[in-house]
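Notes for the one structure printed next.
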Number of protein chains: 2
Amino acid sequence: MAEEKAGKAAGIAPAQGAPRRNQRPLSIKDIARIARVSHPTVSRALQNSPLVNAKTAEKIRKIADESGYRASAVARGLVTRRTRTIGLVVTTVADPFASEVVCGVEQTANDHGYSVFLADSHADPERERKVVRAFAERRVDGILVTSSRVGALYLPMLKEMEVPIVLVNDQHPGAFVHSVMIANFEGMRAVAEHLLGLGHRRIAYLGDQFGYQSDAERLAGYRAALEAAGLSAAPELIAHGNSKPDAAMAAMERLLAARPTAVCCYNDMTALGALRQIRARGLRVPEDFSVTGFDDLFFAEYLQPPLTTVRQPMRRMGQLAMESLLRLMEGEESVPQIRVEAELVVRASTGRVKE
Amino acid sequence: MAEEKAGKAAGIAPAQGAPRRNQRPLSIKDIARIARVSHPTVSRALQNSPLVNAKTAEKIRKIADESGYRASAVARGLVTRRTRTIGLVVTTVADPFASEVVCGVEQTANDHGYSVFLADSHADPERERKVVRAFAERRVDGILVTSSRVGALYLPMLKEMEVPIVLVNDQHPGAFVHSVMIANFEGMRAVAEHLLGLGHRRIAYLGDQFGYQSDAERLAGYRAALEAAGLSAAPELIAHGNSKPDAAMAAMERLLAARPTAVCCYNDMTALGALRQIRARGLRVPEDFSVTGFDDLFFAEYLQPPLTTVRQPMRRMGQLAMESLLRLMEGEESVPQIRVEAELVVRASTGRVKE
DNA sequence: CTCTCGATTGCACACGTGTACGGCCCATTC
DNA sequence: GAATGGGCCGTACACGTGTGCAATCGAGAG
């Protein structure tokens, strides 16, 4: 374990200046005093209201700009009842899929003048309670969830605060919320068909036990492909991990006992573990065994061999989700559910079945 | 106190209709009316102030709890001048290193009642301006930066808002801020020594042109190891990318012309690209060529072969940074700079030099 | 019985911004 | 010359919470 130690900085003087602790930022009233007008006039001028004389408005804006005045979003939020703030929940930012979505969300949020509160739920009920409480107290205008493990009692809590909610890649049966989803069924069916086309007949499925709707749909896509080829998905060819590589290794070990020649993984993280286990068994990829992923995370094309997978436009999905949320926050009624196409990306981790 | 009827003259219950758009959350005054006390008493009761009678305080808390009251952090922030909010800047959340740090930061921030505003700078000056402006308007209590590409004029802008700042893994010469850093020099020296110990003599360095301080320190560590072994770092054995795999591929191609037998990469992302280029040249790792990384990102041990690298406790570093920021925000004067030890992790991507 | 003091509680502000409303000044119109 | 009206600006609130201060009440002390 790494230990930290205090750097022996040259001198005890972190003193960078005067005690500026009580220095408060200047307010609209300070600007008003300088410009010799009342503060409402300043307020209007800064909003480019047509109610103020063009000349004085210009003067006021100049003063505000030169003095480095920054309007308090806090005070404004209090009176307008809109904070221009959203809450973004993820299971963990450390997951590459979530990171990409967060990136897309943050970008479009900022482009529209919204700031985002980030919260990690870690799939921990206690922490989820705190997140909901925090968002409620912060008076966020909307909520966006990318947590794939939203608990049954979690969403209702969110619901309580009477604010629009958008989910990414998760849709509970009877959900009261909007969502942006990937075409799970079609995507997984496409990889399975790809493997069938390469001659594979014993194809395994390695899912995510916490994948809920997503896992169910992908599994269904896998099943559909097999059945269309006149095969049936044998129970011993199906196992579940938790989207972490080490759990995938364990699950893959069980699957190998059933002698498959290929495996469809729930996502790329799972494929990472599967690949390792397969190699540990002395099998070569793709000569002896084929592996597929889902997501097309940044590392997929840099693996050895590069991973055949299904691409999700993750950043774009974050953007779409945020755009839906923006419309909902504007009061629009008919914001549609969004379904994004998945794209099969064939690389070198899949090959013709060995004779 | 006079009992006020909350209902309007029309007397129609607003609880039914779909348009709950104007439904405002209940305030401290609503609770006060129900409890038949004044609102300051409610305020004090909810703060567990000893100034209110234990019985009434209990009653008030019960009412607040049952009615689902949530204190407005917005209003509180306005009057107390402290929002209990921090701004977190990253170059991009989509980078695994940043994600891990963010995770650590968010966790400890929330544990201390702080919410975090996340902002992506994307190393874009225009976007950086907007981030600073947003944080200033939101009246954040502190700022945390994990952007490895902080521009020269970016930090001064941050400085303007008179708020404590903590940097992670970046330290500008003459910096006015606090920071948490990894032992870049020692870490890179350790991997270089490891390669020297395996008999390598022509060892290349593949850096990050935007790594600034970090790159300079790691390069220095590499140099120090070579010189201690009586070697000198030839210029043709040094190249720079930008921490993205494809740029690393291009840089690695140039390096290979100098016929090295091993390469020290600035970080794991760089190693990803280097590995691919090396293989494209028909070289086997580690039989023909050795590769090392830095960071120990989640995928490092799942690469084929598993990557020898230097571990950074990224999440812990985020935690430490947040803890420093907390102390600074509490007004502590003597918060030390923090330096974290790096740990060499030897795996299979490095081997004895080929005869 | 009166005075004093401590325990509670309410009143009146403040925080920084937005906005309905009224008032002033000046030009135009009859 | 007076009435009208529009442009511009200030006054007076409101938003929801925190806090200094005064007021009230009851009990114990003298």
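Below, read A as the first sequence line, B as the second, and so on, with proteins coming before strands; counting in each chain starts at 1.
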Indicate whether OP1 or OP2 belonging to D:dT17 is found under 4.0 Å from a side-chain N or O atom of B:S43. no
Just by protein heavy atoms under 4.0 Å, how would nucleotides 10-16 of chain D read 5' to 3' in B, S and -? BBB--BB
Nearest-Å distance for atom pair CZ/P, residues B:R33 and C:dG10: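 Whole-Å distance recorded here is 15 Å.
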Do you know the tightest heavy-atom contact between B:V37 and B:I60?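 Residues B:V37 and B:I60, closest heavy atoms: CG2-CD1, 4.0 Å.
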Just verifying a value: how many Å separate B:D124 CG and B:R129 CZ, rounded to the nearest 0.5 Å?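 Rounded to the nearest 0.5 Å, the CG-CZ separation comes to 11.0 Å.
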When rounded to the nearest 0.5 angstrom, what distance separates CZ in B:R70 from OG in B:S27?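 The OG atom of B:S27 is 15.0 Å from CZ of B:R70, to the nearest 0.5 Å.
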Salt bridge flag under 4.0 Å for residues A:E137 and A:R133: yes
SB check A:R33 A:D30 (cutoff 4.0 Å):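 Between A:D30 and A:R33 there is a salt bridge, with a charged N closer than 4.0 Å to a carboxylate O.
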For B:Y69, the ring-ring contact (aromatic ring centres under 6.0 Å, His included) test, sequence neighbours excluded, returns none
State, with a plain yes or no, whether a side-chain heavy atom of B:D141 is found less than 4.5 Å away from one of B:Y114.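 Sidechains of B:Y114 and B:D141: in contact.
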Nucleic acid contacts of residues 46-65 of chain B, taken as heavy-atom distances under 4.0 Å to DNA chain C: B:L51, B:V52, B:N53, B:T56
Classify the ring geometry of B:F117 against A:F117: parallel below 30°, tilted from 30° to 60°, perpendicular beyond 60°.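 It falls in the parallel class, under 30°.
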